Engineer: 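There's a structure below that I have some questions on.
It should be emphasised that the depicted structure is a prediction, and the values quoted were computed from it without experimental measurement.
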Amino acid sequence: MTYRGVWVQRAALTDDPSIDDFPIPNNANAALPFNRIVRNWNDGCDLSNPLQIVIGPGIHLIAPRGQVVWKHNTSGLRQSVFWKNGWFVDMGGCTNMTGVQCTTSDHPCISGPIEVCEGDRIQFIQKQVRLDFNPETEEPPFLDVLGGTGTWWGFDILE
């Protein structure tokens with residue numbers, strides 16, 4: 001049997017983190033854009049918009065998963081979730097974690113099977129809530145998702 005899947009990555013394509021890393025605003029949902037296509041089985045999905053994968057013909061059931069690497073910050077929460085057509089989906093996979101001490105945080109997200117049809121849009125949404133600022137005197141801070149080998153997302157095609 002031939003493997004069927006679609007995988008994209010937020011890769012480190014340069015030596016400049018300001019280009020490869022992606023800032024996520026505080027307390028807001030943000031679709032994680034990809035900048036490298038790893039696999040697109042039979043060119044079956046539309047990958048022309050780096051914020052989403054558009055399901056192609058003949059794909060009916062997918063199993064999404066992904067991972068992001070957050071820049072080091074010990075404050076607050078991080079969240080990853082898969083959306084279908086701009087919103088949460090039943091069994092869509094959601095993971096939450098707190099900021100970690102001493103290192104970047106690798107944050108995996110695994111979804112259950114999601115029924116799809118041609119034209120459905122799949123997005124990998126990120127959210128972070130930092131608490132290490134004074135809201136009365138400071139703007140809410142962004143936190144970067146790091147471009148590199150550890151930041152990727154996609155899905156296996158089950159049917």
Engineer: Measuring from atom CG of D90 to atom CD of E115, what distance do you get when rounded to the nearest 0.5 angstrom?
Structural biologist: 9.5 Å
Engineer: Filter on salt bridge (Lys or Arg N to Asp or Glu O under 4.0 Å), then keep only pairs touching residues 48-68, sequence neighbours left out; what's left?
Structural biologist: R65-D156
Engineer: Answer with yes or no whether the hydrophobic clustering places I157 together with L47; edges join I, L, V, M, F, W, Y residues whose side-chain heavy atoms lie under 4.5 Å apart.
Structural biologist: yes
Engineer: Return the CD to CG distance between Q52 and D120, rounded to the nearest 0.5 Å.
Structural biologist: 10.5 Å
Engineer: May I ask whether I53 and I114 are part of the same hydrophobic cluster, defined by side-chain heavy atoms of I, L, V, M, F, W, Y residues being less than 4.5 angstrom apart, directly or through others?
Structural biologist: yes
Engineer: Taking side chain to side chain donor-acceptor pair (under 3.5 Å) as the test, write out the residues that go with W7, two or more places apart.
Structural biologist: Y3
Engineer: Taking everything shown except D16 itself, do over 12 heavy atoms lie less than 6.0 Å from its CG?
Structural biologist: yes
Engineer: Looking at E138, I want to see if its CD is surrounded by more than 12 non-hydrogen atoms of other residues, nucleotides or ligands under 6.0 Å.
Structural biologist: yes
Engineer: If you define the side chain from C-beta out and look only at heavy atoms, does anything of P64 sit under 4.5 Å from W153?
Structural biologist: no
Engineer: How many angstroms lie between CZ in R130 and OG1 in T74, if you round to the nearest 0.5 Å?
Structural biologist: 9.0 Å
Engineer: To check you understand the geometry: which heavy-atom pair defines the closest contact between M97 and H107, and what is its length?
Structural biologist: SD-CG, 3.4 Å
Engineer: Under 4.5 Å between side-chain heavy atoms, hopping through other hydrophobics if needed: is there a path connecting F34 to L146?
Structural biologist: no
Engineer: Between W152 and V38, is there a shared hydrophobic cluster once you connect ILVMFWY residues whose side-chain heavy atoms come closer than 4.5 Å?
Structural biologist: yes
Engineer: Can you pull out every salt bridge (Lys or Arg N to Asp or Glu O under 4.0 Å) where at least one residue sits in residues 35-59? Sequence neighbours excluded, please.
Structural biologist: none
Engineer: Are F155 and C45 packed together at the side-chain level, in the sense that at least one heavy-atom pair is separated by less than 4.5 angstrom?
Structural biologist: yes
Engineer: Please report the shortest heavy-atom distance between P33 and L51, naming the atom on each side.
Structural biologist: CB-CD2, 3.6 Å
Engineer: Checking side-chain contact (heavy atoms from CB on, under 4.5 Å) for the pair D132/N73: CA distance, chi angles, key distance, verdict?
Structural biologist: CA-CA 9 Å; D132 59 345; N73 182 278; 3.0 Å; yes
Engineer: Could you tell me which non-hydrogen atom of P57 sits nearest to which non-hydrogen atom of G44, and how far apart they are?
Structural biologist: CD-O, 4.0 Å
Engineer: Applying salt bridge (Lys or Arg N to Asp or Glu O under 4.0 Å), name anything that partners R121, two or more places apart in sequence or on another chain.
Structural biologist: none
Engineer: Taking the side chain as every heavy atom from C-beta outward, state whether V8 and F124 have any atom pair closer than 4.5 Å.
Structural biologist: no
Engineer: So how far is it from I62 CD1 to E159 CD, rounded to the nearest 0.5 Å?
Structural biologist: 12.0 Å
Engineer: Under 3.5 Å, side chain of N35 to main-chain N/O of A11, donor-acceptor pair present?
Structural biologist: yes
Engineer: Answer yes or no: does atom CG of L61 have more than 12 heavy-atom neighbours from other residues, nucleotides or ligands under 6.0 Å?
Structural biologist: yes
Engineer: Could you pull out the closest heavy-atom pair between D106 and P108, with the gap in Å?
Structural biologist: O-CD, 3.4 Å
Engineer: Give me the atom names and distance for the closest heavy-atom approach of I122 to F82.
Structural biologist: CG2-CD2, 4.4 Å
Engineer: Nearest 0.5 Å please: distance from the NZ atom of K84 over to the CD atom of Q123.
Structural biologist: 13.0 Å
Engineer: Please tell me if the side chains of R4 and W41 come closer than 4.5 Å, counting only heavy atoms from C-beta onward.
Structural biologist: yes
Engineer: Spell out, yes or no, whether V129 and L143 are grouped together once hydrophobic residues are joined by side-chain heavy atoms under 4.5 Å, including indirect joins.
Structural biologist: no
Engineer: Is there side-chain contact between V116 and I59, with at least one heavy-atom pair below 4.5 Å?
Structural biologist: yes
Engineer: Roughly how far, to the nearest 0.5 Å, is the CG atom of N27 from the CG atom of L77?
Structural biologist: 9.5 Å
Engineer: Is there side-chain contact between L32 and I125, with heavy atoms separated by less than 4.5 Å?
Structural biologist: no
Engineer: Does a side-chain heavy-atom distance below 4.5 Å link W83 with N85?
Structural biologist: no
Engineer: Report yes or no: does S75 contribute a side-chain atom to a donor-acceptor pair with the main-chain N or O of L131 at less than 3.5 Å?
Structural biologist: yes
Engineer: Taking salt bridge (Lys or Arg N to Asp or Glu O under 4.0 Å) as the cut-off, I'd like each qualifying pair that reaches into residues 18-31, sequence neighbours left out, listed once.
Structural biologist: none
Engineer: Are T151 and F22 side-chain neighbours, meaning at least one heavy-atom pair lies under 4.5 Å?
Structural biologist: no
Engineer: Using the test side chain to side chain donor-acceptor pair (under 3.5 Å), find all partners of Q128 that sit at least two apart in sequence or belong to another chain.
Structural biologist: none
Engineer: Of all the heavy-atom pairs spanning C94 and V81, show the shortest one and how long it is.
Structural biologist: CB-CG2, 3.9 Å
